[in-house]
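Just below is one structure, and these are the notes that go with it.
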Protein chains: 2
Amino acid sequence: MEEQAVEICDDLCVGSDVNLSMVKQKMVDESSAADLAELFKALSDPTRVKLISAMLQQELCVHDLSVLLGMGQSAISHQLRYLRNMRIVKRRKSGKTVFYSLDDSHIEEIFLLTLQHLKHA
Amino acid sequence: MEEQAVEICDDLCVGSDVNLSMVKQKMVDESSAADLAELFKALSDPTRVKLISAMLQQELCVHDLSVLLGMGQSAISHQLRYLRNMRIVKRRKSGKTVFYSLDDSHIEEIFLLTLQHLKHA
DNA sequence: ATAATATATGAATGATTGTTCATATGTTAT
DNA sequence: ATAACATATGAACAATCATTCATATATTAT
């Protein structure tokens, strides 16, 4: 059981009677905050959103994704690499073509939950 | 009932027998993709994640948030403005101090769901 | 009015990002 | 071996971003 060092300065916010140490203890730590931000960042670009939305239905090759999104093959490849590094997407190679599909059901849940919320906002 | 124009090029991906029009119809449209990306972008920065994580517990004034995160007041104010523009956070003014709290339970759900997934990943 | 406190904001800056272009790698067919 | 095709990748560039600094606004106390 480690006692987390809480470095709250002596300053008292006159406008509040909040116990800052208490709040700090329950906050996400530095590393979790970074992880959360990193994951959300992966979903924070329209191109990547569309890629995920397409692969939500079925695995697709780079060329098809490129056609679907109306974007250059290079741009698609770069973004797929990004998503792959984040382990959001996985590859399957078949001859010349490479098929991509979603690798993480967590992402799928988060994506769909957020989509729902946006729909009946 | 508008028929959505699906501009799939004649190119056939040799490596796949996918009906691209079908996939395209089920994909999120341009505007939804932008909205999704915009929302996720709001959560894609460690500072904003920590702010939300703090306010998940209770409303807090700018000064307290500044102390909690160990960051300058200006940086905090700028990010709070961002979150407020996104309607993720709301203000309550009391004398000199301004209290911020979460404005959107959707965000809370998405945030907590993602946090859970990261924990037992 | 003046000082003190809390927050907001515009400008500047360094860092990161998404796309494009050119080219490389890898696979299949001839 | 050569050509054709599918994908990957490095460099470059414009655009966006998060923070800092200086300063402005607003509120309260003296």
Side-chain angles (χ1 to χ4, degrees), chain A residues 9-18 20 30 33-34 37-38 40-52 55 59-86 89-101, chain B residues 9 11-18 20 30 33-34 37-38 40-52 59-86 89-101:
Chain A
C9 79
D10 301 332
D11 261 347
L12 274 179
C13 182
V14 181
S16 82
D17 54 356
V18 173
L20 292 186
E30 198 70 39
E38 198 187 20
F40 284 128
K41 183 168 284 174
L43 308 174
S44 75
D45 173 75
T47 299
R48 290 194 292 272
V49 164
K50 287 181 225 160
L51 286 174
I52 291 171
M55 288 182 287
E59 76 170 5
L60 287 157
C61 70
V62 177
H63 176 264
D64 281 356
L65 286 167
S66 174
V67 172
L68 273 172
L69 301 214
M71 291 176 62
Q73 172 265 317
S74 180
I76 299 296
S77 264
H78 278 297
Q79 296 294 8
L80 286 172
R81 179 154 66 122
Y82 179 113
L83 291 173
R84 196 154 94 79
N85 287 341
M86 291 290 300
V89 136
K90 62 173 183 281
R91 274 159 43 122
R92 181 176 69 86
K93 213 172 175 186
S94 170
K96 277 178 290 186
T97 85
V98 177
F99 294 93
Y100 283 85
S101 57
Chain B
C9 80
D11 259 347
L12 274 179
C13 181
V14 181
S16 79
D17 53 357
V18 173
L20 291 187
E30 198 71 38
E38 199 187 20
F40 284 129
K41 183 168 283 174
L43 308 173
S44 75
D45 173 75
T47 298
R48 291 195 291 272
V49 163
K50 287 181 224 161
L51 287 174
I52 292 171
E59 75 171 6
L60 288 156
C61 71
V62 177
H63 176 265
D64 281 356
L65 287 167
S66 174
V67 171
L68 273 172
L69 301 215
M71 291 178 61
Q73 172 266 317
S74 181
I76 299 297
S77 264
H78 277 297
Q79 295 294 8
L80 286 172
R81 179 154 66 120
Y82 180 112
L83 291 173
R84 189 157 162 275
N85 287 340
M86 290 290 300
V89 137
K90 62 173 181 281
R91 273 158 47 119
R92 180 176 69 86
K93 214 174 174 184
S94 169
K96 277 178 290 187
T97 84
V98 177
F99 293 95
Y100 282 85
S101 58

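Letters go in sequence order (proteins before strands), and every chain restarts at 1.
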Show me the side-chain donor-acceptor pairs of residues 70-77 of chain A shorter than 3.5 Å, one per line, residues at least two apart or across chains.
unit_1	atom_1	unit_2	atom_2	d
A/Q73	NE2	A/S77	OG	3.2

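If you measure from atom CZ of B/F99 to atom P of D/dA26, you get 20 Å, rounded to the nearest angstrom. For the pair A/R92 CZ and D/dA6 P, the interatomic distance rounds to 16 Å; values are reported in whole Å. In this structure, CG of B/L80 is placed 13 Å from P of D/dA18, rounded to the nearest angstrom. Note: CG (A/L69) to C1' (D/dT7) measures 16 Å, nearest angstrom. Here the P atom of nucleotide D/dA18 and the CG atom of B/L83 are 10 Å apart, to the nearest Å. Rounding to whole angstrom units, CG of residue B/N85 and C1' of C/dA8 are separated by 12 Å. At whole-Å resolution of the value, CD in A/E59 and P in D/dT7 are 12 Å apart. Here C/dT7 presents its P atom at 13 Å from CG of B/L51, a figure rounded to the nearest Å.
In this structure, the side chain to side chain donor-acceptor pair (under 3.5 Å) partners of A/R92, at least two apart in sequence or on a different chain, are A/E59. By the side chain to side chain donor-acceptor pair (under 3.5 Å) test, A/E30 pairs with B/K50, sequence neighbours left out. With sequence neighbours excluded, no residue forms a side chain to side chain contact (heavy atoms under 4.5 Å, CB included) with B/K96. A search for side chain to side chain donor-acceptor pair (under 3.5 Å) contacts involving B/R91 returns nothing, not counting sequence neighbours.
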Where protein sits on nucleotides 22-30 of chain C, one letter per nucleotide: B base, S sugar-phosphate only, - none, heavy atoms under 4.0 Å: B---BBS--
Extract from the structure each pairing of a protein N or O with an N or O of nucleotides 14-19 of chain C at less than 3.5 Å, listing the distance.
unit_1	atom_1	unit_2	atom_2	d
C/dG18	OP1	A/R48	NH1	3.0
C/dG18	OP1	A/R48	NH2	2.9
C/dG18	OP2	A/R48	NH1	3.4
C/dT19	OP1	A/T47	OG1	2.6
C/dT19	OP2	A/Q79	NE2	2.7

Output, in order, the C-alpha distance, side-chain angles, deciding distance and verdict of side chain to side chain contact (heavy atoms under 4.5 Å, CB included) for B/M86 and B/K41. CA-CA 10 Å; B/M86 290 290 300; B/K41 183 168 283 174; over 6 Å; no
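Under 4.0 angstrom from either OP1 or OP2 of C/dT9 there lies at least one side-chain N or O belonging to B/R81. Contact annotation: B/R91 reaches the phosphate of C/dA8 (side-chain N/O to OP1 or OP2, under 4.0 Å).
Summarising the geometry, atom CG belonging to B/L65 is positioned 10.5 Å from atom CZ belonging to B/F99; distances are rounded to the nearest 0.5 Å. Between the CD1 atom in A/I52 and the OG1 atom in A/T47 there is a gap of 11.0 Å [rounded to 0.5 Å].
Using a 4.5 Å cut-off on side-chain heavy atoms (C-beta onward), B/H63 and B/T97 make no contact.
If you check D/dA8, D/dA6, C/dA6 against the side chain of B/T97, the one that comes closest is C/dA6.
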